[in-house]
Amino acid sequence: MGVTLMRPIDELVKVDAGMVSRALFADEEIFRAEIDRIFSKAWLFVGHESLVPNPDDYFVSRMGTDSVILTRDRQGKIQVLLNSCAHRGMALCRYDHGNNRTFTCPYHGWSFSTDGNLVERPGELVGVPGFATHYMSELDKKQWGLKSVAQIYNYKGAIWATWDKDAAPFLDYIGDMTYYLDSALDHRDGREGESEVIGGVQKWRIPCNWKFAPENFIGDKHHDISHRSVDLVGIGPSGGKGRRDFTENRVCVAFPNLGHGSIGRLPHTEEMAYSSQFQNHPVVEQYYREVYEARVKRLGDSKRVSPHAVGTIFPNMSFHAHQPRTLAVFHPISATEMEMWRMYLIDKDAPEEVKEAARHYYLRYSGPGGLTESDDMENWSGATEACKGAASQQLYFNYQMGIGHSKPATGLRDAVYNDYSEENARGFYRRWAQFMNGLSWDELNPREVPIEAAL
Ligand code: FES
Ligand code: FE
């Protein structure tokens, strides 16, 4: 049963005019429609494979407003299941992570398995107390397994899933945005993947609409004023210089028809000269210099992955590829609240001293106690609060920067760029409107995607 909205989507989001209604940031009816039309359909980031390194490991994640179990079965395959018992709904996993051979419900004791030697499909019901005596062996166990996602994709260790069996293949959904996502997921020496999450996952709630965060990280290059105090303190990874030590030559790159975007460098073959990052830590400094040299040697003249990007994959995942190197996800709770998670990445085989230095830097910089995140949270929650009023709800936000001035981003499919632009955010809301208008996957991800819309 879908939600019927009072106002048409095209009135709420006027992408070509650069206007988005404030109702998107405080209206509960629109929020319910988002859960229904976006989060039940789009590819969502669920976690990183390093969170479940061994068979039977599990990590409790979220997809939209649903709790899900990310687990590795006994055959080593990643599975994603709804964390709700098929009998009467109780949560199967009540800890954030652990190791379970079977998932047994604490309410009436039904148990479910992902072991391919025992079951035909992951999450099948394998044990029911009183099966013979109370149910007279008549319960059809095959019909009452845990709900499983329709598709899963492991992209360089990042796990993505969708509830929609008809969803476009993940690589079509993300397009050439992989170029920027790679910069977060790949080893600093240029090897694909080979990264892991360190220090657990930070989770905290913010009284703001969930869209403020992905919109911020998709291409908002012009909110430096928010971080003036951090710049003055000089909390860059170099220990002494400002936080933007490595941000020169970055532009706003938008994938306007896919809804993704990045602040990053355009594809290039020449590596920028190495600049010292950790002068206060000789071992760490030596490590980063070595992996830099290894990357230049390994990738040669091929199109390089610039390790200095920030970006968003529609709808609710963002990443930071330069220090602090993190994956972030913004779970919708209500129209005016979200739960933010940050996972911190490091090269899997980096020396312990390097991992420890990075962990400390990540904590100083990001997260609820980090110096930078608190600036952004203040903006997002203040703006959400201001959207609640009746007069405010009639107004629109302005996204008009750079309309008609984007240039084709040579070397990337379906991408445009500019030094400063809100094209990235306009692309995000164009995509939002497409999902909210209920477009089919043939319309959402046509084989040939034209970029004229944004030029
Ligand atoms: Fe899980 Fe009854 S709710 S066994
Ligand atoms: Fe910021």
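Just follow the structure's listing: the first ligand is 1, and inside any ligand the first atom is 1. Since the structure is predicted, the reported quantities are computational estimates derived from the model, not experimental observations.
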Ring centres under 6.0 angstrom apart (Phe217, His320)
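Yes; His320 has its ring centre under 6.0 Å from that of Phe217.
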
Centroid-to-centroid, His87 to Trp144, below 6.0 Å?
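Not under 6.0 Å, so no.
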
More than 12 heavy atoms of other residues, nucleotides or ligands under 6.0 Å from [atom1] of [X]: yes or no?
X: Tyr274; atom1: OH; result: yes
X: Glu378; atom1: CD; result: no
X: Arg121; atom1: CZ; result: yes

What is the NE2(His223)-the Fe ion (ligand 2)-NE2(His227) angle, to the nearest 10 degrees?
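Taking the Fe ion (ligand 2) as the apex, the two atoms subtend 100°.
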
Taking 2.8 Å as the cut-off, does Asp376 contribute an N, O or S atom near the Fe ion (ligand 2), distance below it?
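Within the cut-off used here (under 2.8 Å), Asp376 does place an N, O or S atom near the Fe ion (ligand 2).
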
Checking ring pair (Phe, Tyr, Trp, His ring centres under 6.0 Å) against Phe25, which of Trp380, Phe212, Tyr396 comes through?
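Of the listed options, the one satisfying the test is Phe212.
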
Neighbouring protein N, O or S atoms of atom 2 (Fe) of ligand 1 [cut-off: under 2.8 Å, no waters]
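Atoms qualifying: His87 ND1, His108 ND1.
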
Which residue in the set Gln143, Lys142, Lys141 passes side chain to side chain contact (heavy atoms under 4.5 Å, CB included) when paired with Glu124?
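When Gln143, Lys142, Lys141 are each tested with Glu124, the side chain to side chain contact (heavy atoms under 4.5 Å, CB included) holds only for Lys142.
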
